Amino acid sequence: MSNTPQQQAGEPAEQNQIDSYRRKLLGGGAAIAGAAALGPGVFFTSVARAKPADQAVSSEVRWGFLIDANKCADNCDKCVTACNDEHNLTGFGRPETDAQWIRAVTLRDRKTGHTTKLPMMCQHCAHPPCVDVCPTGASFKRADGIVLVDKHICIGCRYCMMACPYKARSFVHETITNQQEYSPRGKGTVESCTLCVHRVDKGEIPACAEACPEKAILFGNLNDPGSDISQRMATEASTEVRGDLRLDLGVRYQGI
Amino acid sequence: MKPTTFREIDGTSKGYYVLLGLLGLILAAGLGSAYYMEHNGHWVTGMNNQIVWGMPHVFAVFLIVAASGALNVASISSVFGKTSYKPLAPLSGLLAIALLIGGLMVLVLDLGRPDRLIVAMTYYNFKSIFAWNMILYNGFLAIVIIYLWTMMQRKMNKYSKVAGFFAFIWRLALTIGTGSIFGFIVARQYYDAAIMAPMFVVMSFSFGLAFMLIVLLATYQWTGREIGSHIVSRLQRLQGLFVAAVLLFVVIFHLTNLYATQHHGVENFILAGDNIYSGLFWVGYLLLGTVFPLIICYAPAFRASIGWTAAAAVMVIAGGLSQMYMIIIGGQAYPMDLFPGKDVSSSFYDGVVASYAPSAPEVALGLGGTAVTFIAVMIAIKVLRFLPLSLANSQTDPHYSAEER
């Protein structure tokens, strides 16, 4: 019942094992050399690049977002539109059952009246409740921290939707047409933000981050201390939504 | 006590076939509804992305919980050695199987992809309580079938105590597993409570016995077999005890929540909200499903009355369904507290009470599962010897003597 992404992509597992072994060996050598000669920063920056298509996903990378709610402009929904366009999330004019992978949320402090706006999507938890509760293992987390649904073994029980603390998931309530080949969907299964895994694997950034005119959504490798996202998080305050649950989120917010 | 003689029912009367036909129609409506929902997609139901589990789950969980409780009478006789209940043990096992099959049918037919049932049986994520439950449900069916075999096949009788003990442990695990489906959900304010597991266990005692009483009393009335005051009043008091035990757990559950400030919002919503859930709690669960049955089960005026005991059982079932609706739907309707201290709004119904109105197909599917249960029982008692010819006091009361009559 293994669902490693490389097997889903239809690549021979054996080849991947050899590759993985080689990578570990070379990576180990490079780490020693890098640590000795150049210092850790340079080495870590090198693994932050997108992986070649024939390489397995590695836990050396942890993809994530840093979202600055202070920059999120009123009446702007470009991230939402970009996501809908990217994944062809065309609605049926039924907001209660139409899928939403990202949504603009407005917060108003009950005491002070201060309002904040932010985009909310799958938080790509390190300990995702949706993965814990999924009976078949259709909800899974890739080694690089991206939480996905395997549409082939999802039975549509919706337990993950019950368990997600972020309301991040949608159930496909009706027949879907015009799917994007890189973003398969299907009636009767559950889906959510894929962190635009098809783009990330090619070295591009997710559609919402790309579309944000204010650059409020910063995408990057949380495991790389030299990445922009890590540097920003090291010097500026940021927080997790419902951090009390200790889920170690891939998405952090500023200004809330 | 005289030895018990078990006999099939005749099952040739007009009433038998009319009832079977009616149940068949309900089942057909349920299956048709399932096809309609799957063909069109779930948008035709009342369920949506906020209320993801609807009326089918209310019925399914209720029937599954009742299934393990229906086995109680058999457990009391085999495990705890109460001879009064021994003549009822085979019916108890049969009803347990029938209820579980009915409940599982509803659960499976409401899946987004019921065609992938084989996937659910072959891919297991053992951290998921749902996956455990699939094993617990299938195992329960197998164990109770074996248990019935040890009870009904004379040369196997010597194993029936062992089988009964094993079935009893398994049924406890099953209901703990079902309650933990909700108990393990950390995300939502109304769930995430360990007490859910034992609360579901006592709920199962109560709902299962209520089904048992209805089937038993109706069958004996309609077939003209004798049922004595001894067994009726014992079961009546047992039902009262179970109803009181559920009440105890409900009180503890709510008191715990009311003590913690962070749960005041959801408690206020469930207990004092301007919504259906508060009505279901006070009128459905508390008044109809608890207070009235307690009076009927314990007030001397109703002692051993077949009519009133059956009425109490029907009320327990109505109250139990109210309670299940309140837990499953109400727990989802209350908005999740993503940002404590903030009013939240979005296009995805953040911060607002989710709306849900059960659609006709959902209700039909739930009733269809219930019909399966009764159809299975009706056919089984006609072809196999599940029911004692008589449940007169001489058959059930170990202290019975003719002079006392």
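A quick note: this is a predicted structure, and the numbers were derived from the prediction, not measured. To find a chain, count down the sequence lines: A is the first, B the second, and so on, and within it residues start at 1.
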- Item | Structural part of H152(A) lying under 4.5 Å from a heavy atom of chain B | backbone
- Task: Output the distance between atom OG1 (T136(A)) and atom CZ (R113(B)), rounded to the nearest 0.5 Å.
- Result: 12.0 Å
- Query: chain B heavy atoms under 4.5 Å from V131(A): which part of the residue, side chain, backbone, both or neither?
  - Reply: backbone
- Under 4.5 Å from a heavy atom of chain B, the part of D98(A) involved: backbone
- Item | Interchain contact, D110(B) with chain A, by part (heavy-atom threshold 4.5 Å) | both
- Query: Between L111(B) and chain A, which part of the residue has a heavy atom less than 4.5 Å away: side chain, backbone, both or neither?
  - Reply: both
- Task: Please state whether the side chain, the backbone, both or neither of I176(A) comes within less than 4.5 Å of a heavy atom of chain B.
- Result: neither
- CA sep, side-chain torsions, deciding dist, call: W53(B), Y159(A), ring pair (Phe, Tyr, Trp, His ring centres under 6.0 Å): CA-CA 9 Å; W53(B) 287 353; Y159(A) 197 13; 5.5 Å; yes
- Item | Engaged part of R94(A) at the chain B interface, taking heavy atoms whose separation is under 4.5 Å | side chain
- Just by distance, with hydrogens left out, do E362(B) and S33(B) show a side-chain donor and acceptor under 3.5 Å apart? no
- Task: Locate the shortest heavy-atom distance separating R199(A) from E86(A); write the atom from each residue and the value.
- Result: NE-OE2, 3.0 Å
- Identify the two heavy atoms, one from E174(A) and one from T97(A), that lie closest to each other, and give their separation to 0.1 Å. OE2-OG1, 4.2 Å
